Amino acid sequence: MASHICISHSFLSHNHQSFPSSSSSSSSSFSLHNFLFSNFASSFKRFTLLSKASLHHPNTHAPHQDAVSRDLDTNSSSSSKSRVWVNPSSSRAKHFRTKSSTSRHSYLTRLAESLNSCTPTAQHVSTILKGLGDNVSESDAVFILDKMVNSVTAPFVLRYFLDKIKPSGDTEVVLFNITLKTFRKSRDFEGAEKLFDEMIQRGVKPDNITFSTLINSARMCSLPNKAVEWFEKLPSFGCEPDAMLYSAMVSAYAQTNNVDMALRLYDRAKAERWSLDASTFSSLIKMHGVLGNYDEGLRIFQEMKALGVKPSVVTYNTLLGGLFKARRSWQAKNIYKEMVTDGVLPDFITYSTLLRIYAAAQYSDGAFGVYEEMKRHGMDMSVDLYNRLLAMCANVGCIEEAVEIFEDMKSSGTCQPNSLSFSSLITVYSCNGMVSEAEGTLNEMVQSGFQPTIYVLTSLVQCYGKAKRTDDVVKIFKQLVDLHIVPDVQFCCCLLNVMTQTPKEELGKIIECIEKANTQLGSVIRYLVEEKEDDGNFRKEISELLNSIDVKAKKPLCNCLIDLCVRLNEPNRARDLLELGLTLEIYKNLQSRSQNQWSLHLKKLSVGAAMTALNVWINDLSKALESGEDLPPLLGVNTGYGKHKYVSDKGLASVCESHLRELNAPFHEAPDKAGWFLVTKDAAKSWLECRSSTESIADLNFQVSGGSTLAVQYG
DNA sequence: CTAGGGTTAG
């Protein structure tokens, strides 16, 4: 066997002298190959430098280019030196072959890079491409076009090649298709459509790849309707959609939330046994999630696994995103577990979505766990994620954790606390009556260039109220006025809340603030404090007030007003307000009755409102019993088990428990259902009968005069 | 490594 590979010495020794063209006389096709590449390799450095220089000095472009062309023109270089023969099957030969082909790719890549950054004119493009010589091979054209990212220049390159190669119809469509890809890369869908027109004008027949590229371009440009439009045009060009196109279209229809079409194509794909990939399934899952049908998405997920398609990280992230949207936090952990079991590596989106879910659900352990996991993986937290953690801390009452997270944020190097971050930390301190810490953070906030917001001032009112520093509460109100901030209902609620903790002789100071903040509310408060008889105006004014405010503020206000009534020892007014709240549907479904159990639902009520509702319920039970109605086997009170320190120091559950004990009510905390207090029919009966004979109405005031914070719920 | 796929959170 005479076949040997010819390697030029100049290549081996990095000698810049070229190898003689006569080497083509070698019987091995490899020899020419390597010869060409070794030449390319030796001229790389110079070429790069020159082409870079020409970018900066467009006027000197031509002469430089001449030098480049000369260097690259393999036929013109012809000074002989020495050669080495290498056995083609030897490892050494492989080494050179690889190196040579790498070199050629590098050369073509550099050409493409020059084209990507050159002035987009036919002239500049042809000057650069002259280096390829006159006989441009189809594969070189394909390679270069494929490396193009500049969709403005790419059509010039395409036209150059079409002109040089004079390709057949088959080759033409390939070159057009590759050029189309550059428009996808630069997200220029209009440009892609224009190139399609040019294609038609030249009489080139588009194929499935053409349409696939166009359709995916449209999708990537967030123009799913365009994708649909082009899909529908497909038959008029004599094309028949295939698996790849259907797959893209399932996603496109899913993107437009066209459930019918997406599912129809999906069913078709299943019927035809076309393989769909994880991303197509992800699109379907997302579609259902966006439309609020998480369970439908989950069904697709199960089907996907049954069909043997392995879920990707995106699939899991999509599911988690759906859970976040649907506020179904309790399912998140299982999805995450399955993901880990499945060996799919969580990424930043996985963790940030989990963190958002847990933080929103105030599942602090979960959220902190994810936070630690992110730190362990060296993932940078965003301002938003830090703020969600801090807001959760404020809601749940995690002081040390909040401080630590805030410090982490400052030293993260990637983001700094913003107004929201400071606000949350101030709220954390304020909820716990930590005056000096709250003041210190406020100072830091101002020094960092942030004005106090209404949220911050609301927190500070709460803080000083808790500390019984009434004058400072008034001072904060003045600041609010000075800053030209319009007090909102939440701020007023906070003032009302402070009233429940303020000694009677100082109430006037707060009432003055409330009157200035909201005349209507001020008038209502006068009724309560001055113990005016309700001449019918009280109910009218309060209804007007409740009807005029934002729907999100209704319940907090109602809660505060009831708390104040309780505090002022006016249980009948508290009851009237609760009833009004029920009439206006501010409170809903407080009581429920099923065959087996009658229940009272106190979740999201303030302490005063909850205890008022409890008393009303107990009275209703007595009435039912008196009227001869039979009780169900079980009676229950649901307080919820949220660690909502924001709502109350003790939590509704413990306040409720002590109130029930005070009433000698035989309710017991359910061992298997957190937040539930239950009593059996017989125990309830004997207690209610005994109670009605003593006719004692509990004084609720003990609940709220002890300095505990009553519920103020912010949105 | 030389013609078609990227999708996911706010």
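Numbered from 1 within each chain, the chains take letters A, B, ... in sequence-line order. Quick caveat: nothing in here was measured; it's all calculated off a predicted structure. In what follows, every heavy atom counts, from backbone to side chain, and hydrogens, waters and symmetry copies are set aside.
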Check this one for me: any side-chain N or O of [X] less than 4.0 Å away from OP1 or OP2 of [N]?
X	N	result
A/Arg184	B/dG5	yes
A/Lys181	B/dG4	yes
A/Lys147	B/dC1	no

(message) I'd like to check A/Val142 versus A/Phe161 (side-chain heavy atoms, cut-off strictly below 4.5 Å). Are they in contact?
(response)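 A/Val142 does not reach A/Phe161 side chain to side chain.
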Value in whole Å for how far the [atom2] atom of [N] lies from [atom1] of [X]:
X	N	atom1	atom2	answer
A/Leu420	B/dG10	CG	P	17 Å
A/Leu245	B/dG4	CG	C1'	8 Å
A/Asp146	B/dG4	CG	C1'	11 Å
A/Tyr294	B/dA9	OH	P	13 Å
A/Phe196	B/dA3	CZ	P	21 Å
A/Asn216	B/dA3	CG	C1'	14 Å
A/Asp242	B/dG4	CG	C1'	9 Å
A/Tyr336	B/dT8	OH	P	22 Å

For [X], answer base if it contacts any base atom (sugar-phosphate contacts may also be present), sugar-phosphate if it contacts only those atoms, and nothing otherwise; contact means non-hydrogen atoms under 4.0 Å.
X	result
A/Asp384	nothing
A/Ser382	nothing
A/Ser352	base
A/Phe281	nothing
A/Asp277	base
A/Ile349	base
A/Ile215	nothing
A/Ser139	base

(request) Assert yes or no for the condition that the ring centre distance of A/Tyr294 to A/His288 is strictly below 6.0 Å. (result)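 For A/Tyr294 and A/His288, the ring centres are not under 6.0 Å apart.
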Please pick, from [options], the nucleotide with the shortest atom-to-atom distance to any side-chain atom of [X].
X	options	value
A/Thr280	B/dG4, B/dG6, B/dG10	B/dG6
A/Lys325	B/dG10, B/dT2, B/dA3	B/dG10
A/Val142	B/dT8, B/dT2, B/dG4	B/dT2
A/Arg356	B/dG4, B/dA3, B/dA9	B/dA9
A/Met220	B/dA9, B/dG6, B/dT2	B/dG6
A/Asp207	B/dA9, B/dG4, B/dA3	B/dA3

(message) Between B/dG6 and B/dG10, how many Å separate the two P atoms, rounded to a whole number?
(response)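 Approximately 23 Å lies between the P atom of B/dG6 and that of B/dG10.
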(message) Can you check the distance between B/dC1 and B/dG5, where both ends of the measurement are the P atom (answer in whole Å)?
(response)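 To the nearest whole Å, 15 Å.
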[X] and [Y] ion-paired at < 4.0 Å:
X	Y	result
A/Glu113	A/Lys147	no
A/Lys226	A/Glu229	yes
A/Arg268	A/Glu272	yes
A/Asp384	A/Arg388	yes

(message) Among residues at least two apart in sequence or on other chains, which ones pass side chain to side chain contact (heavy atoms under 4.5 Å, CB included) with A/Ser217?
(response)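 With sequence neighbours excluded, A/Ser217 shows a side chain to side chain contact (heavy atoms under 4.5 Å, CB included) to A/Arg184, A/Phe189, A/Thr213, given in chain and number order.
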